[in-house]
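So the structure is just underneath, and the comments pick up after that.
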Amino acid sequence: MLQQTQVATVIPYYHRFLDRFPDPRTLANATEDEVFKLWAGLGYYRRARQLHAAAKQIVALHSGQFPRNLDAVLALPGVGRYTAQAILSFAHDDKLGIVEANTQRLYARLLYLTDPLPWSTSQKQLWDFAERIVPRKGCGEFNQAMMEIGSQLCTPRNPNCAECPLLPLCPTGERQHTDRVPAPKDKKIITPLTEAAILVRNSSAQWLVRRCKSGERWAGLWDFPRIDVSDCDGELGRNDKIQRAMRDEFGVKGERPTPSSPPSAARRRGS
DNA sequence: AACACGGGGAC
DNA sequence: GTCCCAGTGTT
């Protein structure tokens, strides 16, 4: 859950999830639908599917006991080097380093690493550093302490170098170069997109939904019929494309607006 | 190496 | 608005 998601956001989901799925076997026996239900709203839904698959793998290959060995943990779906080494260092104090958002930024500054962080050469330097600095004992606590310094003091903007115990060891902080190390990421280009969602309800208050196709956003998830109308010019063009999509893509015969039928709010808006 | 994946927090 | 978040898997 914590992959690319802030701790404070995760906490309520985490409690509800563990309440329902307290161990790998319970999770493995659940349906995907129920797993998704407790994940809904968190985003990155692939993680839910992978966690479910990981639970099944733990039952199938490890008798329902979470594996103790690095290669076995790394082989779980959705578990990469960071997650595997975090788990084993926290849970068993294995002597393993970690690089994630917080320690990546902190270690880049301690190394005065000016290369872009996505470069494989940068990643290697960060992981080598992470593995080199961990103590033989108390490694898990050390890793979490580094993450805490990264998140509470060594922040992306305006880090609190004055209160940082590592300032004497930090060339970036000493030179006040925290605004250029690590190197700022390339600006993300946003492509404008306008979509229409079509809400169809029958007399039993059931709503029409569909499963998103692969290659499409939210592939495999359920959604209202939804189409890209970015290329449409004005309400008439949009409604026309929506009508066609309803018929051709979704096989639904839309009720044609007639002058006699009272115009709904949705129709007026062209939604 | 670059990209997709999601929703929200912080400023 | 903009940047970023306890990354991973795929292309």
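Quick note: numbers below take in every heavy atom, side chains included, and nothing from hydrogens, waters or symmetry partners. Chain A is the first sequence line, chain B the second, and so forth, proteins listed ahead of strands; every chain is numbered from 1.
- We find that CD of A:E216 is positioned 15 Å from P of B:dA4, with the value rounded to whole Å.
- Listed by chain and number, the residues in a side-chain hydrogen bond (donor to acceptor under 3.5 Å, both in side chains) with A:S230 are A:D228 (sequence neighbours excluded).
- In this structure, A:F224 belongs to a hydrophobic cluster whose other members, linked by side-chain heavy atoms under 4.5 Å apart, are A:L199, A:W207, A:V209, A:W222.
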Nucleotide N/O to protein N/O under 3.5 Å, stretch nucleotides 7-11 of chain B:
| residue | atom | partner | partner atom | Å |
| --- | --- | --- | --- | --- |
| B:dG7 | OP1 | A:Y45 | OH | 3.1 |
| B:dG9 | O4' | A:Q6 | OE1 | 3.0 |

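- The nearest whole Å value for the distance from the NZ atom in A:K185 to the P atom in B:dC3 is 14 Å.
- When the P atom is used for both B:dG6 and C:dT10, the distance is 14 Å, rounded to whole Å.
- Taking atom NE2 of residue A:H52 and atom C1' of nucleotide C:dT8, one finds them 19 Å apart after rounding to whole Å.
- Non-hydrogen atoms lying under 4.0 Å from DNA chain B are contributed by nothing in residues 74-84 of chain A.
- A salt bridge links A:D223 with A:R226: the distance from a Lys NZ or Arg NE/NH1/NH2 to an Asp or Glu carboxylate oxygen falls below 4.0 Å.
- A:T103 comes within 4.0 angstrom of nothing in the nucleic acid, heavy atoms only.
- With values rounded to the nearest 0.5 angstrom, A:L51 atom CG is found 9.5 Å from A:F21 atom CZ.
- Between A:K241 and A:E195 no salt bridge is recorded (no basic side-chain N to carboxylate O distance below 4.0 Å).
- The side-chain contact (heavy atoms from CB on, under 4.5 Å) search around A:D23 returns A:R25, A:T26, not counting sequence neighbours.
- The interatomic distance linking A:Q152 (CD) with C:dC5 (P) rounds to 13 Å, in whole Å.
- To the nearest angstrom, P of C:dT10 lies 12 Å from CZ of A:R49.
- Taking atom CZ of A:F36 as the reference point, atom C1' of B:dG6 lies 13 Å away to the nearest angstrom.
- Where A:K187 and A:A86 each meet DNA chain C at their nearest nucleotide, the meeting point lying more 5' is that of A:K187.
- Of all nucleotides listed (B:dC5, C:dC5, C:dG7), B:dC5 comes nearest to the side chain of A:R46.
- Listed nucleotides B:dA1, C:dT8, C:dC5 differ in distance to A:A101; the shortest reach to its side chain belongs to C:dC5.
- For A:R105 and A:E100, the salt-bridge test fails: no basic side-chain N is under 4.0 Å from an acidic carboxylate O.
- At a threshold of 4.0 Å, the pair A:D33-A:K37 does not count as salt-bridged, since none of the basic side-chain nitrogens sits closer than that to a carboxylate oxygen.
- Atoms CG (A:L117) and C1' (C:dG7) sit 14 Å apart, rounded to a whole Å.
- Separating the CZ atom of A:R47 from the P atom of C:dT8 is a distance of 11 Å, rounded to the nearest angstrom.
- The list of salt bridge (charged side-chain N to carboxylate O under 4.0 Å, His left out) pairs with a residue in residues 56-75 of chain A, not counting sequence neighbours, reads A:R68-A:D94.
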